[in-house]
Every structure is written in structure tokens, then in C-alpha cells.
Amino acid sequence: MMLFSKSKTSPQRLGRVHRLLNFRGRTTQCFSTMRNTGSLLEILRHRNEKDIIALPEYKARSNLDNFLRSKTGRELPQSSYVLPNILPPTPPAAGYTHVLTPSQITLALDAAMATFHLHVESRIASLCGQGFYTIGPCGEEMLSSIGFALDPHADAIALHYRHLSVSILRQLRLGRKSLEEIILDRARGYCVSRLDPVTGGVHCAIGSAREPNTNDYGGGDYVVTSTLASQCPPAAGRALAFPIADTIFRGEKSESAASVKQVSFVTVGDGSVHNAHFLSAFNLARHARFRRNKCPVVFGVSDNGLSISYPTDGYADFLFTKTSSDPKSRAQRDRDGIPVFKANGCDMFDVYDKTLQATSYSRKNSAPSLVLYQELIRRFGHAATDRQHAYLDAKTVDRMADSDVVASAIVQVVDQWNAVTYEEVYHRFHEIGMMVQRSFDKAAEEPKISTREEMIEQVSQPMVQIPRLNQELLTSLNELERTESIVRNETPKRDVMRKHMTRVVSEALTNNPRVVYIGEDVEHGGYYLVTDGLAKRFPGRVIDFPPDETTLLGAAMGFSHAGLLPIVEIPYSKYLDCGADMFYELAISNWLTNKQRPNGMIIRVQGFDKGECELFHIIFAVQICILFNGKDYVRGFRNAVAQARNGRVVVFIDSTHLLNLRHLHGKDRGWESTYPADENEMMSFHDVRLFGGGGKHLIVTYGNGVVTSLRARRSLAEQNIIISEEEVDIVDCPFISDIPDGLRDVISTNKYEEGSILFCDVCKEGPGSNVLSSMVMGLKKENLLPSKWGFVAAPRTYNPLGNTLTFLNEDDIIRSFLRISE
């Protein structure tokens, strides 16, 4: 009979493994090596002996050890110990369709015991001040066999934080690391070691390091944040992306990889089925099935009856299996809905069997399915801070802690399946316990994050360096058009901004087969015809989604994971609020995964009328662009595509008022521009456009504020407040996530020392609502502002329909100019 792994253990080492640690005369099992290495955690264990012994997880480990000792005829350390009557799981009445092999059984048990030991040591490390994550998987260890129902090389997986054993088994199947190396990696997560391969020490998350310099085409182990069910929309997105990516990457994949139909597997707890993230993803998958769109996603829901303190009372079963009494309705549900497979979550064989049935269904039909893992019991509190006695009586707490699913599984595989012996399990249990303790000792002493600089550097992928444009190309539009006409000895076709936007999106789709354009109503051109005609030109790559920004942005994440480059259109900036959390999730991913899982994409949102948006969602992992004319939009969009290809998230906020604007003053066609024919001509994030250059006053603005400022400048001249328009320069800062170097260059000339600088923000005044106030403080800190400067923004109120009264207007600018220039 093969032992649980290929690693060999010497009799001397086993002697050390089984030695009992005497805590001040009190005999207990502590899996100590007794090496007297003097590690920090070892010292702290001795120091906190009394509190450690009192931990319910520690007691549970001692009880399991006593159980195994009794089964192997060994002396029990406590004469009062009574052997519990531990029963194996009851097999399903219909039996198993698929059965685990002996080697699979032992590997699943390895993963389960490692999970159990890891949780016990995580609680000890936390008590000693060296562990920082205590949400426990105990009670759900036997879900490990899920890993045998998935292809570890092709399928995508995103696991709920209690499903650690599944991740361990998947990594064992990949064969890249030994069990002890996998355990060490997990201990590094608990101890937030900088060497944690998953997050680099910023969090403790289930997952595994991505293989460098490889394209897994959306397969792989995806890190899950602590935000409830946020892993679900990207999982559905990966499933939708698989068939698209298969077509695009067909020539790149190896023959073996191309022959595998991928499945996206995602798990949640029963509390998460109430959350909008899960419901949105589940609805999207069901909608895809209804429309016969390929979406091979498998949802796994583990039901232990509690969502921390809130009793779920079997609601998950009701939610997924409620039926109609009408036979026609049931038939339609079976045809168009999501099939549900139910498994006993304590039975590794049933877990494997039902999960394999679900994944096989989804793989064969490219359709969604769901597995409900029932009869689970959460053995201990949700986390170390969970006060179970505040909402459960003492008997219930004790009963839950005594429900040892690992011991039950051991009885099952020894007595019913003869896969291993109790002696083998006993030795392996202690061996794995020692691996875990050694790993925590090592991880606790490894370096942690120590500088702010490394955290800043981890926020996003490196910026693609785009050379600054020659300032001659960034003069006022009319001057530029005349210059181009003279140089080329022709009259280039000038057009409105919207036409150039359509053309540059077409350019991106043409030049890069990985680009896809997704959004609401985009196949027929979108709300503002930006994608007009593109669905016909690029079939299958301009894709409509139902109106739910959570799934739209989540799907964009999934598309990016599959190797695609999504451009996402959100019709109005206000709609971004509906998917705000998913927006933050996709932005933080690069930081959370230590730069291993960026979500390169472009997001287009539409500001309302003459406004842009309320910038509540400015976050430092995202580059935000507000380009006000067609020529610069093209240049900036090309830059955005280059940045997205490198894994960065770029957001374009477009002003509706500017899309079809032709005239600046009267009927001058002053807002039309030519299309930059050279596809290498890009606008960097540090470029600004300067109107004028010889004035003593400066207005700094962006987006629709440029048009408003130019018209205000003319009014100032017409009212004889200034001698001529040349007295006031206007600078457009289209990239608003930071202070552009181009603005520093303009201001640092000191030519405005005798005049003034006015910052005009088209967003609302007040905290958190605009960007220029932040720029002002940055420039002030750098001592770049003259003595006279001012700030004006739109009033802090809401915008009525059919009225632009509350937007920044020319009078606001004129009044502010007069106030600071007196």
C-alpha cells in the first residue's frame, strides 16, 4: 500500500514527530520537533502555553490524535479519554456514479489533514501575535476531492476562503511543489511574509502563484478577496470568454491544450447566495443558457447553516431547487435553467461524484451548473473574533466542535474502502502536523513588507513609456489644423469627436485581434453611436450585455484573465455606481496578487451633457482620462490601448456635450479636427494642450471645462475686462489621475507671477468630488503656484433634467477670475 506521498520519513524523525511536549508538567500533544531552535514562534508558544491549550482548535487536534492512537493501540496520554463513536458518512441511496481511486483517496486525505493542521496553527500563531488571518475551513476539509473533478492545467478556479483543501489538492495534482512547499506557502500567507507567492505579503488569500511567462488562457487559480461573493462575476466572465479566446488563440495553443474544453469553477458559502455579486453572476449564467450562449461555469455552494451568526436554515436548498407545480414550467426550467447537483459535503466520494457530474455537464454542453454541498457543520467560530456563545448555546458549540469530519473520513477510507491503515494515517497525520509547524516557524521569521515604496510600486503594472508630443502639435486646434493643411498641401477632412472615437476603436479592433468591445446596447452603436457599424465589421467581438454593471465589469475581468483586451462601455457615469465594488475589485487585483493577475482593460463611461461625472471612484490603480477633442482622443486612446495591453486599467470619461460639437464661437467649425493618420502618434499621460502661451493669466481645466473656459475668455475680452484673449492662457489637463509634467512645465516658467492661475473644475466642489483641488495642493506643496490663484467648480448639488444650471458655466469662471485678479 502506497503511503500518502512519495516523501520518506526516517524512524528517527518519526520519533521526534511523536514526542510529547511537556508544558510545565502537563502532557499534551503539540507536534513540536523539540529541536530547541529558539525560533520566535516556538518561544511564543511556550510563553502562551495556557492560552493555547484552551483553544478549541487545539483541543480538537488533541482529540483526533487520541482517536488515532486508540485505533493503533498506542497508550493514551489521558486516562479519562473516552473513544468517541465516530461513524463514516452515509453513502447516497443510489450509490456513487464515479469512485475515487486509492491514490486519489490518500491525496484527498492529505489535503484535508493539511487544511486542518493549518487552521490550528493559524490560531496559535494569531494568539502569539504572529498570525494575521483566522477564518477557518474546519468542517469543510473533505471538499478536497473537488480537485479531482477539475483539470488542474486548463480549468479556472476561484475558491471561497473556507475551501482551502480544494486549493491544496489542485496544487498537489499540478506537481510543481511538494506538500510541504505548498504548506509553507500557505503559512506565509497567514504570517504575511513578503515571500508569500500569492499576494507577496499584503493579504492572506487562497490561490497559487502564476507560472511566469505563460499564458494559461483563463485557466489557473484565481485569488479571491474578502468581499462577499466578488469572485463570482469574473468567474462567469471567464466562462463567457473561453469560446471567444479559443477562436482567437487557436493557432497559439498546443494540440493538447486546444483539445480541452475549459470550465470555470467558483465556490461560495451559503451566506453568499444572498449577495448581489453572486446573484448577478448566477443570473448572467442563467441568461446565457436561456439565449444558448456558451457559458461553462460551475457554481459550488457549501451550506453549513450559518453566515457567521446569521442562521441560513437551508435557504440555499430552497433557492436552487424550488419547483413549479406546472409540468410545462418544470420542463422549461430544466431546458433553460441551471441543473443542480446535491452532495454530502462530509463524504469525499459523494463530493467528487457530484462535482464530476456537474463539471462534465458544463464541459460537454458549454452551459452552467451548480453543486450544493450539504450536511456541513462549521466546527469553530467564523474567525478568532467570532463570539459563538453570544448567539449559540454551549451545547451547540460543543456539538459543532466535536463533529470531526476528518476523523469520519478516516474511518470511511480505512474500514469501508481499505485504502489505507490506521497506522499509516497516524504517521501521516503527525508528519503533516510537523510540516505545518515547521512552516509557521519559518514563515513567522521571514521578511515582511517594510517600505511604502514597494507598496506603491505594486499598485499597478509599469507604465508603458510614451514619448511626450512636440508642443507644436499641442497648440490650439485652429492653429494646428492650419499648420497641417500647409505642411501636407491638402485640406484634411475635419470631423466631430464622435466620428474619430468610432474610428480609433475600429483601429484598435483591426490592429489587435485580442481586443473585444462589450457593453449595453453596443451592437447597434450604443447610446451615442460610438460603435456604429462595428458589430458588422468585427462579428463576435462587439458584444451586448444585459443592463447590470456588476456583471459587465466582472465579465471584463474574466475576459482579461482569458487573454483578451476588453473595452467596456458604460452608458452613463452614474451607472458606474451600480458596479462600483467590482470596479474596485478589478483595480486592486494587481496589488493583491503581487502583480501576477492584472486586469488590463479600457472602461468608457459617459458624462451627462456639459458635465463629466462625480468622481467618487478615483482610485490610484486606475488612469483616468477626460479628452475634449477628437484629435487628442485618438492619440490618448492609442496610449490607453498600449497601457491596457501591459495590464493597466484606463478609464475614459466622455462629455456628451462634446461628442458632436462642431463650433466653438458662432459657426466657426472650431471644434472639428482631423484624424491623426500616423498610428504611432500617441498622447502621453503627461501631455497637456495649451491655448495661447503669451498671457500673464492661466486657466487650468479639463474636458468640457476647456470649451467653457475658451468662451469665458472671449467674454472677458468682449467686456473689456482683459485687453485681448491673448492675455489669458488656457491649459487642458486631460489625464487627471496625477499632476501631469506638462502642467508643471507650463507653471514653472514663472510668467504667471505677475498675474494669476485659476483652476476650473467641471465636477462638483467639495471633498471627494473633484480632482483639481488635489492638483492644487500638490502644486502648492511643490511651491509652483503664484501668490494669486483660485479654484472654482460646479455647485455641490444635483442636476435637474433638461437644465444645465448646476454645471460649471462661463459666469462662474468670469466671477472667479475677477475675484483673484483684483
Side-chain angles (χ1 to χ4, degrees), residues 466 468-481 496-497 500-501 607 610-613 615 623-637 639-640 651-655 657-659 661 664-665 670-673 676 681-695 697-714 725-726 728-747 749 752 757-763 770-776 779 791-794 807-808 810 812-813 817:
I466 304 297
R468 296 267 302 276
L469 284 173
N470 189 307
Q471 190 58 42
E472 292 181 0
L473 296 176
L474 293 171
T475 54
S476 66
L477 285 178
N478 287 335
E479 294 172 2
L480 176 58
E481 300 303 341
V496 295
M497 180 176 173
H500 291 339
M501 293 165 68
K610 293 183 178 182
E612 308 297 341
C613 69
L615 299 173
Q623 198 69 40
I624 299 180
C625 313
I626 301 181
L627 290 142
F628 76 109
N629 72 86
K631 182 179 289 292
D632 289 347
Y633 194 98
V634 171
R635 293 163 170 164
F637 199 87
N639 179 10
V651 177
F652 275 74
I653 302 173
D654 303 325
S655 173
H657 175 66
L658 298 176
L659 294 186
L661 183 66
L664 178 60
H665 304 296
W671 218 247
E672 295 178 349
S673 63
E681 188 177 304
M682 303 183 195
M683 194 171 181
S684 82
F685 291 137
H686 288 288
D687 281 324
V688 299
R689 178 177 286 280
L690 182 64
F691 294 82
H697 302 285
L698 178 67
I699 293 176
V700 180
T701 188
Y702 61 89
N704 198 71
V706 179
V707 173
T708 308
S709 297
L710 286 167
R711 289 172 175 167
R713 182 175 70 174
R714 174 153 296 189
E725 292 184 49
E726 284 72 23
V728 177
D729 298 335
I730 297 173
V731 64
D732 167 42
C733 297
F735 305 105
I736 61 174
S737 300
D738 201 354
I739 302 173
D741 288 344
L743 178 60
R744 289 188 177 93
D745 294 342
V746 172
I747 294 178
T749 58
Y752 304 110
I757 297 179
L758 177 62
F759 294 85
C760 301
D761 203 310
V762 293
C763 291
N770 61 77
V771 293
L772 290 190
S773 56
S774 177
M775 284 193 190
V776 168
L779 294 168
F791 175 86
V792 61
F807 293 130
L808 180 73
E810 297 168 37
D812 295 327
I813 295 174
F817 179 84

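These numbers come from the heavy atoms of this one structure, side chains and all, not from hydrogens, waters or symmetry mates. Here the structure is a predicted model, which is why all the values come from computation and not from measurement.
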Do any N or O atoms from the side chain of [X] and from the backbone of [Y] form a donor-acceptor pair under 3.5 angstrom?
X	Y	answer
D729	G692	no
H697	F817	no
T701	C760	yes
R713	V728	yes
S673	K631	yes
R711	E810	no

Answer yes or no: is there a side-chain heavy-atom contact under 4.5 Å between [X] and [Y]?
X	Y	result
Y702	I624	no
P676	M682	no
L698	V700	yes
V706	R689	no
H500	Y633	no
L474	D632	yes
L469	M683	yes
T708	V762	no

- Over all heavy atoms of both residues, which pair between M775 and P740 is shortest? Give the atoms and the distance, please.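 Shortest heavy-atom separation between M775 and P740 comes out as CE-CD, 4.0 Å.
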- Task: For residues G695 and Y752, report the shortest heavy-atom separation together with the two atoms involved.
- Result: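 In terms of heavy atoms, the two residues are closest at O-CE2, 3.5 Å.
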- Query: S773: what forms a side chain to side chain contact (heavy atoms under 4.5 Å, CB included) with it, not counting sequence neighbours?
  - Reply: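 Result, side chain to side chain contact (heavy atoms under 4.5 Å, CB included) vs S773: N770, F791.
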- Item | For R468, side chain to side chain contact (heavy atoms under 4.5 Å, CB included) partners two or more places apart |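 Result, side chain to side chain contact (heavy atoms under 4.5 Å, CB included) vs R468: S684, H686, D687, D741, D745.
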Measuring from atom [atom1] of [X] to atom [atom2] of [Y], what distance do you get when rounded to the nearest 0.5 angstrom?
X	Y	atom1	atom2	value
R714	S709	CZ	OG	14.0 Å
N639	C625	CG	SG	7.5 Å
F735	I626	CZ	CD1	11.0 Å
D812	D761	CG	CG	12.0 Å
D732	L627	CG	CG	7.5 Å
I736	L772	CD1	CG	8.0 Å

- Task: Determine, stepwise, if the pair N629 / L658 fulfils side chain to side chain contact (heavy atoms under 4.5 Å, CB included).
- Result: CA-CA 7 Å; N629 72 86; L658 298 176; over 6 Å; no
- Task: Look at the rings of F691 and F628 and say which category their plane angle falls in: under 30° parallel, 30 to 60° tilted, over 60° perpendicular.
- Result: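 Aromatic pair F691/F628 classed perpendicular.
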- Task: Could you list the residues that satisfy salt bridge (charged side-chain N to carboxylate O under 4.0 Å, His left out) with D738, not counting sequence neighbours?
- Result: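 Expected list: none.
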- So among V746, L743, V771, which one has a side-chain contact (heavy atoms from CB on, under 4.5 Å) with C733?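 Option passing the side-chain contact (heavy atoms from CB on, under 4.5 Å) with C733: L743.
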